[in-house]
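Taking it in order: structure first as structure tokens, then the write-up.
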Amino acid sequence: MYYLYVRVVKAKDLPAKDVTGSCDPYVEVKLGNYKGTTRHFEKKSNPEWSQVFAFSKDRIQASVLEVTVKDKDSLKDDFIGRVLFDLNEVPRRVPPDSPLAPQWYRLDDKKGERAKGELMLAVWMGTQADEAFPEAWNSDAATVSGADGLANMRSKVYLSPKLWYLRVNIIEAQDLQPSDKGRYPEVFVKAILGNQALRTRISQSRTINPMWNEDLMFVAAEPFEEPLILSVEDRVAPNKDEVLGRCAIPLQYIDRRLDHRPVNTRWFNLEKHVVVVEGEKKKEIKFSSRIHMRICLEGGYHVLDESTHYSSDLRPTAKQLWKNNIGVLELGILNAQGLMPMKTKDGRGTTDAYCVAKYGQKWVRTRTIIDSFIPRWNEQYTWEVFDPCTVITIGVFDNCHLHGGDKAGGSKDARIGKVRIRLSTLETDRVYTHSYPLLVLHPNGVKKMGEIHLAVRFTCSSLLNMLHMYSHPLLPKMHYIHPLTVSQLDSLRHQATQIMSMRLTRAEPPLRKEVVEYMLDVGSHMWSMRRSKANFFRIMGVFSGLIAVGKWFDQICHWRNPITTVLIHILFIILVMYPELILPTIFLYLFLIGVWHYRWRPRHPPHMDTRLSHADSAHPDELNEEFDTFPTSSPPDVVRMRYDRLRSIAGRIQTVVGDLATQGERLQSLLSWRDPRASALFVLFCLVSAIVLYVTPFQVVAFLSGIYVLRHPRFRYKLPSVPLNFFRRLPARTDCML
């Protein structure tokens, strides 16, 4: 994408237009109907601007570029001089060429005669890859007003803050001073880090030297801005706690642990100031209680801010534990097609689209294309790849902060769609250029918002290193040596996403909270009837292969195709006679299946599937429930209806779980003598089976068993078999259930 660049550097010897002997100059760059202006200086004849203007070549409707210097005036700006450029004479520059050196140009008046003053300019034709492009005024932003609006439409690269797990092991406290000496204290510890607050259980040792030995986990982000605040409190009443001591610990001085070896414990002083009234005087007494703790920043964990199913980074926090990269990921964000209008401006629908891509710690944001349903970005970004089993996420959003959106009532950037690409599904060194549908789920159903055209290439530096990664555990080893509980991971992930969104919102231009949360799938853990159905049918799809094999074997046993059944008999006899061929035959069969399926291997990376997600067949009320707030904001009758529906579904699940428990208890009752006759029969059967199997070769037993299973339907009965009848008569504990 070609742009005409104009760099306005400075001016000198500008004429004075008032009695003070100075002027208030600014520069106006005009090309056809597009006009850009620099900031103006007051009372300065030698101003310096150093501003760049970029005009899209596709929208150029003139053959002459006009650069005019004017004097700012309250009534009408005065003309000082101008410089004209013929676009046919403008040089072309393509990086990595060095920047074009600016030159001094004499100013001419409106008649073309020389005027007083000179202007330093550089004019060239370049592409969007030019280093001046990100900070340049763009002709696409001609309708955007204000510095904030211009900043919100530029492309930027963001880095995620470095996140740590903070482990606080609270061991004990000593010499506490409760106000009520006549009762046993109920002491607990409350820890606060920023917006995170956790507390221990109440100590079982009801003394002034309580013990806990309990771990509290937090998420901390560099740079560490807030200290860890600990307070030891006594539960004096059901809704009243008394602070027995408090301390603040800066995180900069806390030990950093890289492995499972414990760090040293430390004693921290607890401060408490008590004012005692003695007669008419007030005296302040300081108690010096202590608390014994082990605090460390865990560098051996990966702080999960994304779901492990589509995480883009799996490295531990500590950089000392990182392995070398295995390749490079290149992403070209080309264009979008058929975008839907996202807002109304001047009585018509419009969309100001931009893209955000996240992989690892690097976030990228493209520039915003103003008022276009077919935006073209043509921007390229690269990432280092450390694990092939990771996912890059690309989201498209509508910019609602170009025209004073922040002042207009907290408008949010609307989501247009999202694409995920798993790197392990890409062939190395191949460029994939495909269009991906942009699908968004709304309360009234799924909607296609358009398509995005991407170019992706995964380049591998060492094939052996990449293949070796498949033998490594997915997460750092600390997740397996000292695993965190599921509830801890859920809570810590929520805190990590909150910290991430808060830090990225403080960047300039900000990457807003709704964008970060959508990219990180913050609400994916909430209950959804649609997702539950989709996951159920995914499980059925996984077991469909086993079910198909079972049906095929049933047809073999019932001689539906006699030729196939005879061949299976022959294969079975061969495997019984030569059992050493069983495993080689299985693996050879799997090899042949894999080679056969290679012809129909996927050629394109997968995209969001509405049928797999059951988004196209979801009931409107199910979608309304999915988009409901937590806690709910729906009317009571709707909540009652949803609760009754959930009870009916849970009742069916309860029945299935109960049936599975019944079958397991029947197996346990074989040797429990709960039914003495059944247990006696089974024990006698085991004795006879042991003797028969001892004196009979295993091949004979396997041969007879196989022939019996594959027997002709003429020798079969429609009634259940004897072992099945015996098993169904075994007792279970269902008769003991209330």
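FYI, the numbering just counts along the sequence from 1.
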| task | Would you please classify the geometry between the H614 ring and the F537 ring as parallel, tilted or perpendicular, with 30° and 60° separating the classes? | result |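 F537 vs H614 ring planes: parallel.
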
Under a 3.5 Å threshold, yes or no: a donor from one side chain and an acceptor from the other, between [X] and [Y]?
X    : Y    : value
H401 : D413 : yes
E222 : W164 : yes
Y301 : R257 : no

| query | Restricting to pairs with a member in residues 232-272, which pass ring-ring contact (aromatic ring centres under 6.0 Å, His included), not counting sequence neighbours? | reply |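 Output for this query lists W267-H292.
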
| query | Does CZ belonging to F587 count more than 12 external heavy atoms closer than 6.0 Å? | reply |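 No.
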
| message | Can you tell me if R457 has over 12 outside heavy atoms packed within less than 6.0 Å of its CZ? | response |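 Counting neighbours around CZ of R457, 12 or fewer heavy atoms of other residues, nucleotides or ligands fall under 6.0 Å, so no.
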
Here's a test for you: under side-chain contact (heavy atoms from CB on, under 4.5 Å), which of [options] qualifies with [X]?
X    : options                : answer
F397 : K418, K412, R415, R512 : R415
L216 : T200, I295, L228       : T200
W383 : T390, V364, L423, V328 : V364

| query | Quick one: CG on L244 to CD on Q177, what's the gap to the nearest 0.5 Å? | reply |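 Here the interatomic distance stands at 9.0 Å.
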
| query | For the rings on Y432 and F458, is their centre-to-centre separation under 6.0 Å? | reply |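 Between F458 and Y432, which both carry aromatic rings, the centre distance is not below 6.0 Å.
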
| said: R530 vs L623, test: side-chain contact (heavy atoms from CB on, under 4.5 Å). Steps then yes/no. | reply: CA-CA 7 Å; R530 176 189 60 82; L623 295 176; 4.2 Å; yes

Min side-chain heavy-atom separation [X]-[Y] under 4.5 Å:
X    : Y    : value
E517 : T497 : no
R183 : D234 : yes
N213 : I170 : no

| Does the ring of Y354 carry R365 above it, NZ/CZ under 6.0 angstrom from centre and within 45° of its axis? |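 Positive - R365 is close enough to the ring of Y354 and near enough to its axis.
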
| Do we get K362 above Y158's six-membered ring, with its NZ or CZ under 6.0 Å from the centre and within 45° of the axis? |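 Pair K362/Y158 does not count as cation-pi.
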
| request: Identify, with sequence neighbours excluded, every residue that meets salt bridge (Lys or Arg N to Asp or Glu O under 4.0 Å) alongside K156. | output: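 Partners of K156 by the salt bridge (Lys or Arg N to Asp or Glu O under 4.0 Å) criterion, ordered by chain and then number, come out as E135.
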
| For E233, all residues meeting salt bridge (Lys or Arg N to Asp or Glu O under 4.0 Å), sequence neighbours excluded |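 So E233 forms a salt bridge (Lys or Arg N to Asp or Glu O under 4.0 Å) with K190.
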
| said: Treating S312 as the side-chain partner and G360 as the backbone partner, does any N or O pair qualify as donor plus acceptor under 3.5 Å? | reply: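 Confirmed, S312 side chain pairs with G360 backbone.
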
| query | Is a side-chain N or O of W322 found less than 3.5 angstrom from the main chain of P316, in a donor-acceptor match? | reply |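 Side chain of W322 to backbone of P316, a donor-acceptor pair under 3.5 Å: yes, one is there.
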
| task | Show your reasoning for whether ring-ring contact (aromatic ring centres under 6.0 Å, His included) applies to Y359 and Y381. | result | CA-CA 11 Å; Y359 184 79; Y381 301 94; over 10 Å; no

